Amino acid sequence: MSEAGIDEAGIEEAGIVIVGAGQGGFQAAASLREAGYEGRVVLVGEEPGLPYQRPPLSKAYMKGDAGIEQIELRPAAFFADHRIELVNARATAIDRAARRLLLEGGARLPYAHLILATGARNRPLPVPGHDLAGVFYLRTRADANALKGRLDAARRVVVIGAGFIGLEFAAVARALGHAVTVIEAAARPLGRAVSPEMSAFFAQAHAAMGTTLLLGAGVVALKGEGGHVTAVETNDGAVHPADFVLVGIGVVPNVELAAEAGLEVANGIVVDAHLATRDPAISALGDAVAYPSRFAGGAVRLESVQNAVDQARSLAHRLTGKLSPSGEPAPFDAVPWFWSDQADLKLQMVGLAAPTDDAVLRGDPASRRFSVFRFRDGVLTAIESVNRPADHMLGRRLLAGTPAITPGQAADESFELKSLLAR
């Protein structure tokens, strides 16, 4: 890992510089080598240490089932063997005219091509008391380590936000024996991501775990004593005691570097179907990117490990001249899919549904193995599955083409879904 102070005399060879050493940035570097790129590859990340996976932070890493070595994407030898230079520094500006990336401390990195994989950061909670000790967010390894240090002594945990991070952490905290209250401003958990039917299932599942789930409840203040949080006040006047608080109310894309360089930004760094910005020397991928998607019917920004990985591979192919059968670079068109592990429940989602899409149930939720198929005007748009991986895998194959499945077939457990793949 290089230090932030870089001897510019030693870096005059311009290659591909990647800003962001998360899953997408790492995959871009690895895929460039896999695709045969022989030039210089520099991976710039703010966090110390080797690139690592974020999803386990709220689950296996938090529980102690996985250590740092298990969540690192690759050991140090991989980067040396593949000639991927790791630079631990914060990128502060892009000099597009000179094709140089400016780093904190004054160092400059020349680039032939720049990839922005800047990711996202936690959305802050804008209420009085937000800066009290004992108020945590969970995005980085440092966040996870700080939380783990509090879990042993805590008895009462309040989670603000019933999204994936909040519910995953709530399940871990309950398994460790803590009293857990989840406060969600929306009318249902996971409301932005899944159908009402799936939301209802997870609300019941967490209640069965012993979690108190408060829906439609806004947080108005965090209370404290001696500078440490002691309770959360909601808009109905109730006060919920807390030994610590985890805030998980979404993320904000890191677009500032791109915006200050004059690149187009609209709910993310705007790219075309090839993940290119308007500057031919700059591309972007991952959580910070708004890209055109046929699954969304327009521009969309997805916060997903698999989306970042798929985009990184697609971009590496374009930058190394890999062409589609038509002789042109292939546009990015991967099927979006996501997952979440909550206690013994594995939720897998594929496709993108609108809130008004119809929902068709396949299987019995009481069995804790079922799927919800989503349809728009009779056409499959997404599948949400709990502990039913075969339905998820079939959905990924169906949605990659023109899905030939009807709502009636989806609802009929006796209908063999695999038969659709032979058509």
Side-chain angles (χ1 to χ4, degrees), residues 53-66 70-71 122 136-139 143-144 147-148 151 154 157-215 244-251 302-306 336-350 353 359 361 363-372 382-393 395:
Q53 305 171 64
R54 295 192 193 278
L57 294 179
S58 59
K59 301 179 281 288
Y61 187 74
M62 187 63 59
K63 291 187 293 184
D65 294 343
Q70 284 73 46
I71 70 168
N122 289 307
F136 295 94
Y137 293 80
L138 183 52
R139 182 74 181 177
D143 294 336
L147 265 173
K148 287 173 68 175
L151 269 175
V157 177
V158 173
V159 177
I160 301 175
F164 292 123
I165 292 295
L167 292 185
E168 288 169 0
F169 179 78
V172 170
R174 278 300 301 143
L176 294 174
H178 302 305
V180 179
T181 299
V182 177
I183 301 173
E184 170 58 51
R188 57 188 178 95
L190 303 174
R192 292 176 54 237
V194 300
S195 62
E197 291 80 0
M198 191 61 75
S199 287
F201 171 80
F202 274 92
Q204 294 168 1
H206 280 272
M209 293 178 205
T211 296
T212 299
L213 186 59
L214 303 178
L215 300 174
F244 73 81
V245 172
L246 173 70
V247 180
I249 56 173
V251 298
L302 297 181
E303 299 155 13
S304 156
V305 166
Q306 199 55 42
W337 58 274
F338 320 82
W339 79 92
S340 175
D341 294 319
Q342 301 173 36
D344 62 339
L345 303 172
K346 176 174 282 293
L347 170 63
Q348 294 173 290
M349 299 149 285
V350 58
L361 195 65
D364 182 4
S367 72
R368 300 167 72 86
R369 292 186 66 255
F370 71 102
S371 294
V372 177
I383 301 175
E384 306 157 5
S385 301
V386 172
N387 294 342
R388 201 152 165 158
D391 288 359
H392 174 75
M393 294 305 298

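Throughout, numbering of the chain's residues begins at 1 and tracks the sequence. In this text the structure is predicted, and so the values were computed from the model without any measurement.
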Note to self: For His178, is there any backbone N or O sitting under 3.5 Å from a side-chain donor or acceptor partner on Arg174?
What the structure shows: yes
Notebook entry, point to check: side chain to side chain contact (heavy atoms under 4.5 Å, CB included) with Pro389: which of Lys346, Gln348, Arg369?
Noted result: Gln348
Next item on the list: Apply the test side-chain contact (heavy atoms from CB on, under 4.5 Å) to residues Phe244 and Val157: give CA-CA distance (whole Å), side-chain angles for both, the deciding distance (0.1 Å), then the verdict.
Entry: CA-CA 6 Å; Phe244 73 81; Val157 177; 3.8 Å; yes
For a quick test of your reading: what N or O donor-acceptor pairs under 3.5 Å do the side chains of residues 162-173 make, sequence neighbours left out?
residue	atom	partner	partner atom	Å
Glu168	OE1	Ser58	OG	2.7
Glu168	OE1	Lys59	NZ	3.0
Glu168	OE2	Ser340	OG	2.7

Notebook entry, point to check: If you look only at pairs with a residue in residues 179-203, which of them pass as a ring-ring contact (aromatic ring centres under 6.0 Å, His included), with sequence neighbours excluded?
Noted result: Phe201-Phe370
Check: Is Arg188 reaching over with its side chain to a backbone N or O of Ala203, donor-acceptor style, under 3.5 angstrom?
Finding: no
In residues 205-214, what donor-acceptor pairs under 3.5 Å come from side-chain atoms, sequence neighbours left out?
residue	atom	partner	partner atom	Å
His206	NE2	Gln342	OE1	2.7

Check: Would you call Val159 and Thr181 a side-chain contact if the rule is heavy atoms closer than 4.5 Å?
Finding: no
Next item on the list: Please determine, by modelled atom types, if Glu384 and Ser371 share a side-chain donor-acceptor pair under 3.5 angstrom.
Entry: no
Checklist line | Closest non-hydrogen atom pair between Ser304 and Trp337, with its separation | finding: OG-O, 3.4 Å
Notebook entry, point to check: Would you say Met198 and Leu190 make side-chain contact, with heavy atoms under 4.5 Å?
Noted result: no
Check: What distance do Ile183 atom CD1 and Leu215 atom CG have between them, rounded to the nearest 0.5 Å?
Finding: 11.0 Å
Notebook entry, point to check: Are any side-chain N or O atoms of His392 and backbone N or O atoms of Ile383, one a donor and one an acceptor, separated by less than 3.5 Å?
Noted result: no
Next item on the list: Compare all side-chain heavy atoms of Phe338 with those of Val350 and state whether any distance is below 4.5 angstrom.
Entry: no
Note to self: For Arg368, is there any backbone N or O sitting under 3.5 Å from a side-chain donor or acceptor partner on Asn387?
What the structure shows: yes
Note to self: Given 3.5 Å as the limit, does a donor-acceptor pair link the side chain of Gln53 with the main chain of Pro55, or not?
What the structure shows: no
Margin query: Is the shortest side-chain heavy-atom distance between Leu57 and Leu138 below 4.5 Å?
Written below: yes
Margin query: Minimum heavy-atom separation for Glu184 and Ala186, please, with both atom names.
Written below: OE2-N, 2.9 Å
Note to self: When you compare the side chain of Val372 with that of Leu361, does any pair of heavy atoms fall below 4.5 Å?
What the structure shows: yes
Next item on the list: Indicate yes or no: at least one non-hydrogen side-chain atom of Ile160 is less than 4.5 angstrom from one of Val182.
Entry: no
Checklist line | Shortest non-hydrogen contact from Ser199 toward Pro189 | finding: OG-O, 2.6 Å
Notebook entry, point to check: Taking all non-hydrogen atoms of both residues, which atom of Trp339 and which atom of Val305 are closest, and how far apart?
Noted result: CH2-CB, 4.1 Å
Margin query: Does any part of the side chain of Leu246, heavy atoms only, come nearer than 4.5 Å to the side chain of Leu147, both counted from C-beta?
Written below: yes
